[in-house]
Amino acid sequence: MAELQEVQITEEKPLLPGQTPEVAKEAELAARILLDQGQTHSVETPYGSVTFTVYGTPKPKRPAILTYHDVGLNYKSCFQSLFQFGDMQEIIQNFVRVHVDAPGMEEGAPVFPVGYQYPSLDQLADMIPCILQYLNFSTIIGIGVGAGAYILSRYALNHQDTVEGLVLINIDPNAKGWMDWAAHKLTGLTSSISEMILGHLFSQEELSRNSELIQKYRNIIARAPNLDNIELYWNSYNNRRDLNLERGGDITLKCPVMLVVGDQAPHEDAVMADSGGQPQLTQPGKLTEAIKYFLQGMGYMASSCMTRLSRSRTASLTSAASIDGSRSRSRTMSQSSESGTLSSGPPGHTMEVSC
């Protein structure tokens, strides 16, 4: 049997009796990822090269978890605290993971030449199909923070059939208005790029406390050898288009969506948080439980035990299996569609969490 398995993944060998080319390709891919676990890959796309890291092996009839980080971070500095958390291991054992680094954000990335045209957020979203094609993955559950959440939402709008669910942390689906643009320009006259990005990632209250976490990320961003690249990603984020999502409108997310905003986010009372609070860094335990709850609502991990999420938190979540679509929204989704509500189609498909 071992010899048959070996023949199956070597080049130019015949298929096993009764085996289809599709099954052979899936087996070959599983063997390759098993041997290449945790390795970083790059693929060329119409908008340049994109780097991603794969952990685990594909699970039958299960999507991959694909993450996308925020501005000023890479996949490690954005998601490592969450995916290394003890209770998260139950999740990562059940799904293969793909961590995407935005172009020029990966560790050791060279600085782009002067005049380089960095991709827009829409173009960054259009790179994702190249990643999935390379890995031969058909569907994903996306986890994105800030700019990464916007990118995954844009991808989901363009490729509805390939996205089973989205976890969107601190997403702002709206383009910057004139007032926001003017404020951004004025801030740029008195603040460095690193301080502006910190103000996007964390609330003013968090920054004024200057905790060890804030000091750590201030050093990461200010001393980043690819700070010029980070500024390009930052500019693309600030020039994003409006997602134009409306409840009951023509443009909606068809998949289940979990919206997450940190308690420290300055726009917590709005639909989405543009900045402040990084729950994947500060509250990995609560976020892990919320993700488990969300996955259970999608029909995965039915036997998983919920242990740390408080009753008050649990009461604020909307299960994907809910039939009460008319109940009021939680405080993280308090605004109307006119102010940018992120719609995910039929009632009961949205889960909101404040960490």
Side-chain angles (χ1 to χ4, degrees), residues 32-33 35-45 47-56 64-85 88-89 92 95-114 116-119 121 123-125 127-128 130-132 134-135 137 140 142-152 155 169-170 192-198 200-202 212-237 278 280-282 284:
R32 185 177 70 182
I33 293 180
L35 297 174
D36 203 19
Q37 199 171 38
Q39 293 293 316
T40 299
H41 307 270
S42 294
V43 296
E44 290 297 326
T45 78
Y47 307 104
S49 177
V50 62
T51 299
F52 54 94
T53 305
V54 181
Y55 290 89
I65 289 178
L66 185 143
T67 71
Y68 217 116
H69 60 87
D70 204 353
V71 175
L73 309 173
N74 57 31
Y75 94 83
K76 287 185 178 179
S77 56
C78 189
F79 291 108
Q80 198 167 57
S81 296
L82 175 63
F83 282 93
Q84 288 185 349
F85 188 75
M88 192 68 174
Q89 304 313 300
I92 65 178
F95 297 89
V96 61
R97 290 175 290 146
V98 182
H99 297 290
V100 181
D101 279 317
M105 304 303 123
E106 67 274 14
E107 291 184 346
V111 176
F112 291 122
V114 176
Y116 176 80
Q117 184 62 48
Y118 197 81
L121 295 196
Q123 291 171 335
L124 293 176
M127 292 180 170
I128 295 176
C130 298
I131 297 173
L132 300 186
Y134 175 86
L135 296 171
F137 291 169
I140 64 168
I143 302 179
V145 182
Y150 178 102
I151 291 167
L152 290 178
Y155 171 77
I169 303 172
N170 292 346
S192 65
I193 290 296
S194 59
E195 288 300 318
M196 292 172 66
I197 293 174
L198 280 170
H200 160 75
L201 296 173
F202 301 99
E212 289 186 10
L213 179 69
I214 299 299
Q215 294 177 38
K216 173 185 176 181
Y217 280 86
R218 177 175 280 114
N219 289 332
I220 287 175
I221 297 171
R223 299 178 181 178
N226 62 336
L227 186 57
D228 289 344
N229 295 356
I230 293 174
E231 183 176 358
L232 294 175
Y233 187 20
W234 173 240
N235 291 338
S236 287
Y237 176 69
Q278 295 288 306
Q280 79 281 5
L281 301 177
T282 60

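If you read the sequence from its start, that first residue is 1, and numbering goes on from there. These values consider heavy atoms only, across backbone and side chains, with no hydrogens, waters or symmetry-generated copies. Keep in mind the model is a prediction, meaning the values are calculated, not measured.
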Has the side chain of H69 got a donor or acceptor atom that lies under 3.5 Å from a matching backbone atom of A102? yes
Name each donor-acceptor pair under 3.5 Å that joins a side chain in residues 217-227 to protein atoms two or more places apart or in another chain, with its distance.
from: Y217; atom 1: OH; to: S77; atom 2: O; distance (Å): 2.7
from: R218; atom 1: NE; to: E195; atom 2: OE2; distance (Å): 3.0
from: R218; atom 1: NH1; to: N210; atom 2: OD1; distance (Å): 3.0
from: N219; atom 1: ND2; to: Q215; atom 2: O; distance (Å): 3.2
from: N226; atom 1: ND2; to: G104; atom 2: O; distance (Å): 2.8

In terms of heavy-atom contacts, V50 and F52 come closest through O-CD2, 4.1 Å
Distance check, rounded to the nearest 0.5 Å: K76 atom NZ versus Q84 atom CD? 9.5 Å
Of the non-hydrogen atoms in C78 and V145, which two are nearest, and what is the gap between them? SG-CG2, 3.8 Å
Side-chain contact test, heavy atoms from C-beta onward, threshold under 4.5 Å: evaluate it for M105 versus I230 and give yes or no. yes
Hey, what do you get for OH (Y233) to CZ (F112), rounding to the nearest 0.5 Å? 12.0 Å
In the structure I gave you, are the side-chain heavy atoms of I92 and Y55 within less than 4.5 Å of one another anywhere? no
Pair L73-L201, side chain to side chain contact (heavy atoms under 4.5 Å, CB included): steps then yes or no: CA-CA 10 Å; L73 309 173; L201 296 173; 4.2 Å; yes
Return the minimal non-hydrogen interatomic distance between S81 and P284, and the atom names on each side. O-CB, 3.9 Å
Flag the pair F83 / I143 as yes when at least one side-chain heavy-atom distance between them is below 4.5 Å, and no otherwise. yes
Which value, rounded to the nearest 0.5 Å, describes the distance between C130 atom SG and Y134 atom OH? 12.5 Å
Between F202 and I214, does the side chain to side chain contact (heavy atoms under 4.5 Å, CB included) criterion hold? Intermediate values first, please. CA-CA 8 Å; F202 301 99; I214 299 299; 3.5 Å; yes
Answer whether the closest heavy-atom distance between the side chains of L66 and F137 falls below 4.5 Å. no
Of all the heavy-atom pairs spanning V98 and A64, show the shortest one and how long it is. CG2-CB, 4.4 Å
Nearest heavy-atom pair of A147 and V71: which atoms, and what distance? CB-CG2, 3.8 Å
Quick one: are Y116 and N229 in side-chain contact, heavy atoms under 4.5 Å? no
Return yes if some donor-acceptor pair links the side-chain N/O of D101 with the main-chain N/O of Y75 below 3.5 Å, else return no. yes
About how many Å separate CD1 of I197 and NE2 of H200, when rounded to the nearest 0.5 Å? 8.0 Å
With the side chain counted from C-beta on, respond yes when L82 and T67 share a heavy-atom pair under 4.5 Å apart, and no when they do not. no
Compare all side-chain heavy atoms of M127 with those of P119 and state whether any distance is below 4.5 angstrom. yes
So how far is it from Y68 OH to I128 CD1, rounded to the nearest 0.5 Å? 6.5 Å
So, the side chain of Y118 versus the backbone of P103: is there a donor-acceptor pair under 3.5 Å, distance only? yes
Considering all heavy atoms of both residues, which atom of S49 and which atom of S42 are nearest to each other, and what is their separation? OG-CB, 3.7 Å
Kindly indicate, with the supporting measurements, whether the criterion side chain to side chain contact (heavy atoms under 4.5 Å, CB included) is fulfilled by Q278 and N170. CA-CA 8 Å; Q278 295 288 306; N170 292 346; 3.9 Å; yes
So, taking the atom named OG1 in T53 and the one named CD in E107, what distance separates them when rounded to the nearest 0.5 Å? 8.5 Å
